[in-house]
Amino acid sequence: MKNIFLDTNVLMDILANRQPFYKSSSEIYKLGLSKKVTLFTSSNTISTIHYLLKKFTSEENIRQSLEEVTAIVSIIAVDINIIKKSLKSNHKDFEDAIQIVSAQSINDMFCIITRDKKDYKNAEINVFTPDEFLTNINS
């Protein structure tokens with residue numbers, strides 16, 4: 001089973017039903033639900049999603065949605081080691097560096113899935129858009 005890291009924008013596409021991105025992102029999420037892949041994200045993603053969803057829905061709905069996510073997606077704690085490695089990395093965007101280093105902290109991480117591939121061009125791990133990943137896994 002492949003280990004897949006979901007970037008914040010992919011989970012936001014699902015939780016905020018952002019069109020036209022929802023379809024591909026939700027198909028990947030369903031692969032995690034059916035245990036065909038193991039999904040991961042960082043603890044930073046959870047807090048960022050909470051903040052962003054406040055613009056769209058109630059606190060109760062946000063917390064319920066995040067509880068459902070954490071039942072399916074394994075959360076990588078952003079600890080001091082991840083922070084230090086991210087600060088020393090060559091990645092221009094610190095937030096993206098945290099995502100990359102978080103993904104790399106898991107053995108056999110297959111890829112990061114994001115809609116912002118340009119921000120991950122120097123990642124030392126495979127990076128796919130949701131559509132690219134679905135094409136790759138289905139071929």
Side-chain angles (χ1 to χ4, degrees):
M1 187 170 353
K2 291 183 178 177
N3 293 328
I4 309 301
F5 185 93
L6 300 179
D7 193 18
T8 305
N9 55 50
V10 174
L11 284 169
M12 273 299 294
D13 292 344
I14 297 163
L15 295 174
N17 195 15
R18 294 196 298 198
Q19 299 299 330
F21 312 111
Y22 173 84
K23 186 177 186 298
S24 295
S25 295
S26 67
E27 285 182 39
I28 295 166
Y29 193 75
K30 289 175 189 172
L31 291 172
L33 273 169
S34 63
K35 308 279 190 220
K36 293 180 180 169
V37 298
T38 303
L39 301 174
F40 291 86
T41 199
S42 72
S43 57
N44 279 17
T45 292
I46 300 302
S47 60
T48 300
I49 287 173
H50 180 275
Y51 173 77
L52 294 172
L53 284 177
K54 283 185 170 193
K55 300 172 188 173
F56 302 104
T57 190
S58 70
E59 182 69 24
E60 183 180 340
N61 286 341
I62 295 168
R63 288 180 184 236
Q64 181 180 355
S65 294
L66 290 175
E67 278 191 43
E68 291 169 9
V69 166
T70 59
I72 293 139
V73 180
S74 297
I75 308 302
I76 302 167
V78 175
D79 62 13
I80 189 66
N81 295 322
I82 289 174
I83 296 296
K84 285 182 176 184
K85 286 179 184 175
S86 299
L87 287 169
K88 291 180 180 180
S89 76
N90 294 325
H91 304 289
K92 292 180 182 178
D93 185 286
F94 181 61
E95 183 183 5
D96 294 336
I98 289 173
Q99 297 292 71
I100 293 165
V101 174
S102 294
Q104 291 172 328
S105 73
I106 301 298
N107 289 336
D108 300 321
M109 184 62 72
F110 177 69
C111 69
I112 296 171
I113 300 178
T114 182
R115 282 192 296 102
D116 296 324
K117 266 182 76 172
K118 67 182 179 339
D119 294 337
Y120 291 83
K121 66 181 175 184
N122 295 322
E124 299 81 16
I125 190 169
N126 295 319
V127 180
F128 299 108
T129 65
D131 289 335
E132 289 171 341
F133 176 78
L134 290 170
T135 299
N136 182 345
I137 202 164
N138 292 325
S139 58

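- Linking ILVMFWY residues whenever their side-chain heavy atoms come closer than 4.5 Å, directly or via other members, places Tyr22 and Phe56 in the same cluster.
- A single hydrophobic cluster is not seen to contain both Leu134 and Val127; linkage of ILVMFWY side chains at heavy-atom distances under 4.5 Å, directly or through other members, places them apart.
- Under the salt bridge (Lys or Arg N to Asp or Glu O under 4.0 Å) criterion, the residue pairs touching residues 5-23 are Asp13-Arg18, Asp13-Arg115, Lys23-Glu27, with sequence neighbours excluded.
- There is no path of hydrophobic side-chain contacts, each under 4.5 Å, that joins Val69 to Phe5.
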Walk me through whether Ser105 and Ile82 qualify under side chain to side chain contact (heavy atoms under 4.5 Å, CB included).
CA-CA 8 Å; Ser105 73; Ile82 289 174; 4.3 Å; yes
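- Atom CG in Leu6 sits 10.5 Å away from atom CZ in Phe40 (nearest 0.5 Å).
- For Lys117, the salt bridge (Lys or Arg N to Asp or Glu O under 4.0 Å) partners are Glu132, not counting sequence neighbours.
- Ala123 and Ile100 make their closest contact through CB-CD1, 3.9 Å (heavy atoms, listed as atom of the first residue, atom of the second, distance).
- Between His50 and Ile62 the shortest heavy-atom distance is CD2-CG2, 3.3 Å.
- A continuous path of Ile, Leu, Val, Met, Phe, Trp and Tyr side chains, each step under 4.5 Å between heavy atoms, connects Ile75 with Leu53, placing both in one hydrophobic cluster.
- Checked against salt bridge (Lys or Arg N to Asp or Glu O under 4.0 Å), Glu124 has no partners two or more places apart in sequence or in another chain.
- Residue Ile4 is tested with Ile112, Val10, Leu39, Leu31 for a side-chain contact (heavy atoms from CB on, under 4.5 Å); the sole match is Leu39.
- Atoms CD and CD, from Glu68 and Gln64 in turn, are 5.0 Å apart once rounded to the nearest 0.5 Å.
- The CG atom of Leu11 lies 5.0 Å from the OG1 atom of Thr41; values are rounded to the nearest 0.5 Å.
- For the atom pair CD1 (Ile14) and CD1 (Ile28), the distance works out to 7.5 Å, reported to the nearest 0.5 Å.
- Of all heavy-atom pairs between His91 and Asn122, the closest is CE1-O, 3.2 Å.
- Applying the 6.0 Å contact sphere to CD of Gln19 captures more than 12 heavy atoms from other residues, nucleotides or ligands.
- The side-chain contact (heavy atoms from CB on, under 4.5 Å) test with Ser43 is passed by exactly one of Ile98, Asp79, Val78: Val78.
- Note: Thr114 OG1 to Gln99 CD = 8.5 Å, rounded to the nearest 0.5 Å.
- When the salt bridge (Lys or Arg N to Asp or Glu O under 4.0 Å) test is applied to Lys30, no partner is found at least two apart in sequence or on another chain.
- In terms of the salt bridge (Lys or Arg N to Asp or Glu O under 4.0 Å) criterion, residue partners of Glu59 (sequence neighbours excluded) are, by chain and number, Arg63.
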Would Asn9 and Asp116 satisfy side chain to side chain donor-acceptor pair (under 3.5 Å), going step by step from the backbone distance to the final call?
CA-CA 8 Å; Asn9 55 50; Asp116 296 324; 3.1 Å; yes
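- The aromatic rings of Phe128 and Phe110 lie parallel to each other, with less than 30° between the two planes, well short of the 60° mark.
- Thr45 places a side-chain heavy atom less than 4.5 Å from the side chain of Ser42.
- With rounding to the nearest 0.5 Å, the separation of CG in Asn44 from OG in Ser102 is 6.5 Å.
- Sorted by first and then second residue, the salt bridge (Lys or Arg N to Asp or Glu O under 4.0 Å) pairs with a member in residues 93-104 form an empty list; sequence neighbours excluded.
- Within 6.0 Å of NZ on Lys54 lie no more than 12 heavy atoms contributed by other residues, nucleotides or ligands.
- The shortest non-hydrogen separation linking Ser65 to Leu15 is CB-CD2, 3.9 Å.
- Each of Tyr120 and Ile113 belongs to its own hydrophobic cluster when Ile, Leu, Val, Met, Phe, Trp and Tyr are linked at side-chain heavy-atom distances under 4.5 angstrom.
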